[in-house]
4 protein chains.
Amino acid sequence: MWRGIRTDLAMEARELAQEQKQYEIPGIRVENVEPVEGIAISRVEVISKLGEKNIGKPMGNYITLEAPGIWDRNPEYEEQVKQHLANEIRRLIRLNDDSVILIVGLGNWNVTPDAVGPKVVDKVLVTRHVFEFVPDQVDDRMRRICAIAPGVLGITGIETGEIVKGIVDKVKPDLVIAIDALASRKTDRIGSTIQIADTGVNPGSGIGNKRMGLTRETLGVPTLAVGVPTVVYAHTIGRDALEMLIKEFTKQAESHSEFYKMLQSMNEQHLNSLVGEVLTEGLGDLVVTPKEVDMLIDDAAGIIADGINLAIHDGLSLEDVNRYFH
Amino acid sequence: MWRGIRTDLAMEARELAQEQKQYEIPGIRVENVEPVEGIAISRVEVISKLGEKNIGKPMGNYITLEAPGIWDRNPEYEEQVKQHLANEIRRLIRLNDDSVILIVGLGNWNVTPDAVGPKVVDKVLVTRHVFEFVPDQVDDRMRRICAIAPGVLGITGIETGEIVKGIVDKVKPDLVIAIDALASRKTDRIGSTIQIADTGVNPGSGIGNKRMGLTRETLGVPTLAVGVPTVVYAHTIGRDALEMLIKEFTKQAESHSEFYKMLQSMNEQHLNSLVGEVLTEGLGDLVVTPKEVDMLIDDAAGIIADGINLAIHDGLSLEDVNRYFH
Amino acid sequence: MWRGIRTDLAMEARELAQEQKQYEIPGIRVENVEPVEGIAISRVEVISKLGEKNIGKPMGNYITLEAPGIWDRNPEYEEQVKQHLANEIRRLIRLNDDSVILIVGLGNWNVTPDAVGPKVVDKVLVTRHVFEFVPDQVDDRMRRICAIAPGVLGITGIETGEIVKGIVDKVKPDLVIAIDALASRKTDRIGSTIQIADTGVNPGSGIGNKRMGLTRETLGVPTLAVGVPTVVYAHTIGRDALEMLIKEFTKQAESHSEFYKMLQSMNEQHLNSLVGEVLTEGLGDLVVTPKEVDMLIDDAAGIIADGINLAIHDGLSLEDVNRYFH
Amino acid sequence: MWRGIRTDLAMEARELAQEQKQYEIPGIRVENVEPVEGIAISRVEVISKLGEKNIGKPMGNYITLEAPGIWDRNPEYEEQVKQHLANEIRRLIRLNDDSVILIVGLGNWNVTPDAVGPKVVDKVLVTRHVFEFVPDQVDDRMRRICAIAPGVLGITGIETGEIVKGIVDKVKPDLVIAIDALASRKTDRIGSTIQIADTGVNPGSGIGNKRMGLTRETLGVPTLAVGVPTVVYAHTIGRDALEMLIKEFTKQAESHSEFYKMLQSMNEQHLNSLVGEVLTEGLGDLVVTPKEVDMLIDDAAGIIADGINLAIHDGLSLEDVNRYFH
């Protein structure tokens with residue numbers, strides 16, 4: 001219904017595009033996996049410039065896992081999510097036994113809802129130095145992982161992209177995986193949806209509004225982005241509320257259907273811009289996160305880190321990973 | 001416009017009551033101080049049982065400071081707020097030179113938006129032990145302050161009220177000041193509004209939903225509550241958004257006024273309950289806090305702690321307080 | 001060899017007494033369990049006033065677990081230690097199914113080597129509130145645990161003993177377990193030795209130098225103390241070094257045995273006081289902890305908390321405890 | 001007296017060399033500033049290869065500030081130390097108005113005694129991004145500072161030197177200042193002595209035992225090292241204790257002078273190696289830090305950061321710096 005909505009999720013971009021068009025969008029290919037144990041997986045591929053234009057995301061693959069059960073904090077369920085995440089990550093990467101993978105934890109560790117990247121770095125099983133300096137201690141079910149949380153511009157005074165590029169030039173990894181906290185347009189996706197994209201991190205996405213992207217173009221190596229929504233814009237809550245009400249009104253008795261007719265009769269674009277203006281004026285740039293943000297960030301970081309651990313160190317089980325972390 | 005809205009702020013309760021009644025509410029007395037340097041102070045006194053019923057708050061004094069400039073983090077402005085807060089606290093308390101004051105920092109230190117109470121405890125100038133054990137080191141511009149952050153039920157397994165009552169029975173303070181994080185109905189009051197109430201903390205208020213109050217009745221000593229909103233219910237954002245839109249629609253050209261007529265024609269209570277239902281279903285119990293919650297909580301705690309330091313240790317300047325804290 | 005050495009461990013007090021007397025000490029009974037898997041257990045009972053006088057600890061039971069392997073951070077080994085600790089705790093307590101147990105985490109959470117008590121409180125499976133408020137969710141393999149980290153005098157302005165007594169008077173537990181960080185005289189006991197005592201915590205013991213004890217006498221209920229050394233006095237390192245050297249010198253060729261003769265010829269008390277003076281002047285009150293203090297405190301707290309979880313919730317396995325903590 | 005003692009302080013290296021030689025050491029130049037307000041400054045210059053060999057430090061300038069009063073936490077005194085530190089830093093650097101300075105906070109933020117570098121990064125006034133992206137907001141009393149805490153090998157899997165070199169290649173600073181936690185041989189230097197060296201950080205120095213240095217040679221730009229001792233090896237405490245006792249014994253009555261004679265008669269090298277062996281066996285690699293390590297690290301980081309702030313942003317006063325940090 002609404003144009004100009006800012007979202008970091010390709011899935012949402014597609015939904016929005018589709019709501020407006022009412023038919024499947026040219027230039028993209030969508031595959032929805034039948035949900036298993038409450039985990040829904042959707043794979044969107046943007047296959048042409050037309051697709052890029054239609055959903056506003058660069059050409060490439062975007063996989064979304066929706067696991068609303070995460071909020072219940074059930075350990076078996078979380079294990080399922082980690083395994084599915086590992087599987088989907090593996091779909092988008094090609095590794096040899098001696099590949100070097102650099103994990104980049106984007107975001108600001110002093111801002112709880114932006115700290116998911118740095119927390120993943122803490123929980124990823126870093127091994128590159130073992131291969132380099134104590135090769136006889138290498139567990140050969142592992143690959144070479146290194147990891148960095150570069151901080152944000154306000155802390156370092158340096159663009160994140162410059163720092164990462166400098167490190168990539170030295171370490172020469174075969175793959176970069178960048179972790180980022182995202183903004184979603186639906187409150188119920190916070191902490192429970194994970195997006196993987198082989199297009200990397202693009203300028204302006206994420207909570208911290210990066211100026212420079214982290215992509216194969218900028219870094220010179222394949223770059224995977226793994227993101228999780230941790231915030232929503234307050235005015236999207238307002239928009240959602242209005243949408244809910246409109247849907248409800250139109251379901252109700254005739255007296256209310258007047259409302260629907262009226263909305264219909266209005267120029268749609270006029271309505272959009274009116275709503276946008278009013279809410280932006282009233283709520284400003286307010287970005288919100290659930291009260292339980294501390295727990296949510298810890299959980300999301302744990303799931304993403306273990307998804308990566310399983311995907312990269314592919315001979316290890318979750319139990320092995322836990323043992324190594326003790 | 002909406003009934004049944006949950007708020008911890010007496011000021012908001014009054015606003016809500018007034019919106020419904022369209023005239024001044026019997027049983028309460030209101031004094032608004034002309035804003036100085038952008039700091040607005042309103043003093044509400046609930047003077048009778050009728051007032052209690054009308055705004056849903058027990059008889060007593062409720063002072064609210066609104067200081068929207070806090071978000072700009074200007075040190076001079078914050079100093080002004082601390083001084084005003086100290087003055088307003090002093091209006092509601094009576095102390096002797098040898099009074100003992102117990103500061104109780106309510107809330108959960110593991111949940112950032114609920115951690116304001118424990119953080120105030122960290123920043124209050126605790127002195128009672130100096131008077132007790134090293135009396136020759138006492139700075140006689142100070143009073144006896146002691147402080148506790150009792151934790152929440154889920155951490156301790158004990159009702160906060162029981163813990164505080166146990167300590168009050170031993171320490172026998174002349175005054176308890178309980179600090180709490182609150183829920184507001186307006187996002188723009190988060191972190192920028194402070195409420196002082198000589199009625200203490202009542203059951204069910206605050207983020208943590210206390211079961212047992214901390215009041216003169218339960219504790220046996222005068223009990224002041226100092227609270228700051230740190231969260232809003234997501235559906236109040238939805239309601240506010242809808243209200244904003246309705247106001248805007250009614251201002252617009254005739255075609256839209258249909259909408260207003262329609263809303264008018266509906267039974268108001270029906271509309272209320274409809275909105276309530278839809279938003280509650282859609283947004284659940286979601287409680288949100290701004291993305292900047294870490295900084296916001298630190299700032300609010302610093303302001304409240306220094307307001308208390310200045311109000312109680314009334315011979316000290318802010319500079320003295322800072323020196324002692326080094 | 002040295003008198004006047006300060007130690008919180010009854011085992012060390014006995015060793016010291018014995019070194020001076022050269023025969024078994026009257027008034028105490030000692031049982032050493034044959035070490036299993038590198039975990040040595042010693043049970044000292046002070047059975048008379050004479051025993052109290054001889055080792056400077058009140059009448060009662062003192063059990064020490066020495067598990068030097070803890071520093072290797074092997075999960076299976078840690079599990080063994082937890083099980084042994086649970087068994088030894090059970091030897092000193094009597095519980096019914098509906099007993100209420102209050103865990104008191106002593107120490108200062110802002111001082112890493114003194115934070116073991118508060119960290120145990122974080123890791124203990126608190127259940128009393130479930131029994132009280134949602135009895136239908138009770139897992140009947142559990143008992144009622146509640147827990148508090150009261151802080152230290154410098155933070156609260158209130159004696160820890162007063163706070164705990166106040167809470168005990170309200171909650172009326174059947175048993176108090178107080179956790180404390182201790183000072184040892186041997187660096188190799190840091191983090192790897194755990195002492196359990198049914199005499200509670202006595203004034204002046206522990207890192208924080210409590211003024212008031214937590215004992216059956218002061219609290220009115222049986223009080224178990226669980227302590228772990230986290231610091232040593234720098235001058236005990238100096239003393240140990242000197243002792244090592246003297247032992248080595250006396251083992252060497254004749255030329256060095258002069259030294260031993262000389263030491264022999266000196267009045268022993270004179271030597272002691274000389275050493276004491278010199279080292280105290282040179283090293284002052286310096287108390288030190290290993291560089292790895294952060295990890296050490298986390299590990300010790302995890303082991304003690306799980307030892308308590310297993311001892312109290314005696315139907316639960318470690319796996320169950322982990323599941324509940326997720 | 002003892003050979004082979006590991007120290008990161010040039011001042012200590014010189015002391016040790018001198019103790020052995022009993023005369024001034026060739027190849028180094030020493031200037032001791034008359035202590036002002038209890039702050040002693042010594043400037044050691046290693047001027048030749050001979051000097052390098054004699055004290056085991058590369059050619060260059062080493063300035064040491066000893067400020068034992070820091071432990072008293074007096075704000076005026078700390079301000080003095082910051083000013084002196086700024087002055088001494090300025091002696092070793094040459095800057096233009098548009099110089100870019102990269103602060104590198106070495107060490108592990110998860111290990112309290114090794115966290116001083118990362119904490120300095122938090123407290124340094126980072127400005128480079130303001131010059132780059134919002135030049136109209138630049139306060140022209142400032143220079144361009146950027147800062148990074150690269151983490152340690154065990155966390156990142158990448159040599160610190162590689163990370164820093166990568167960033168230096170991108171940012172092209174005119175000066176690097178690397179902050180590090182050091183090991184000292186005297187407990188009383190912990191937290192109260194600061195060393196500045198224009199030779200950078202050399203391999204194997206610091207707590208974390210870097211393999212690769214950060215020097216003008218490795219980085220290609222002038223590199224200043226600022227270090228503060230935060231730990232001592234336990235066996236140096238043992239050695240110090242023995243030395244104290246020997247000094248004392250020789251001052252005492254004749255009967256004890258036997259001891260001195262005996263020590264004299266021993267082959268000195270034999271004694272050294274004996275002591276080394278015994279203590280190393282008895283105390284192992286144990287490295288200790290004072291119990292108050294948390295406060296000590298915070299204070300040291302605050303002093304170093306402000307020393308740097310004043311040295312680089314040379315138009316700012318401490319008050320200005322504090323205002324900017326609010």
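Proteins get letters first, then strands, A, B, ... in listed order; numbering begins at 1 in each. Because the structure is predicted, anything quoted here is derived from the model rather than measured.
Using a 4.5 Å heavy-atom cutoff, the side chains of P290(D) and V287(C) are not in contact. Side-chain contact between V231(C) and K291(D): present, with at least one pair of heavy atoms (C-beta onward) separated by less than 4.5 Å.
Comparing V293(C), V232(C), D188(C), V288(C) by heavy-atom pairs within less than 4.5 Å of chain D, the highest count is held by V288(C).
Among N110(C), T112(C), N108(C), the single residue meeting the side-chain hydrogen bond (donor to acceptor under 3.5 Å, both in side chains) criterion with D294(D) is T112(C).
Put simply, CD1 on I237(C) and CD1 on I237(D) are 4.0 Å apart, with the number rounded to the nearest 0.5 Å.
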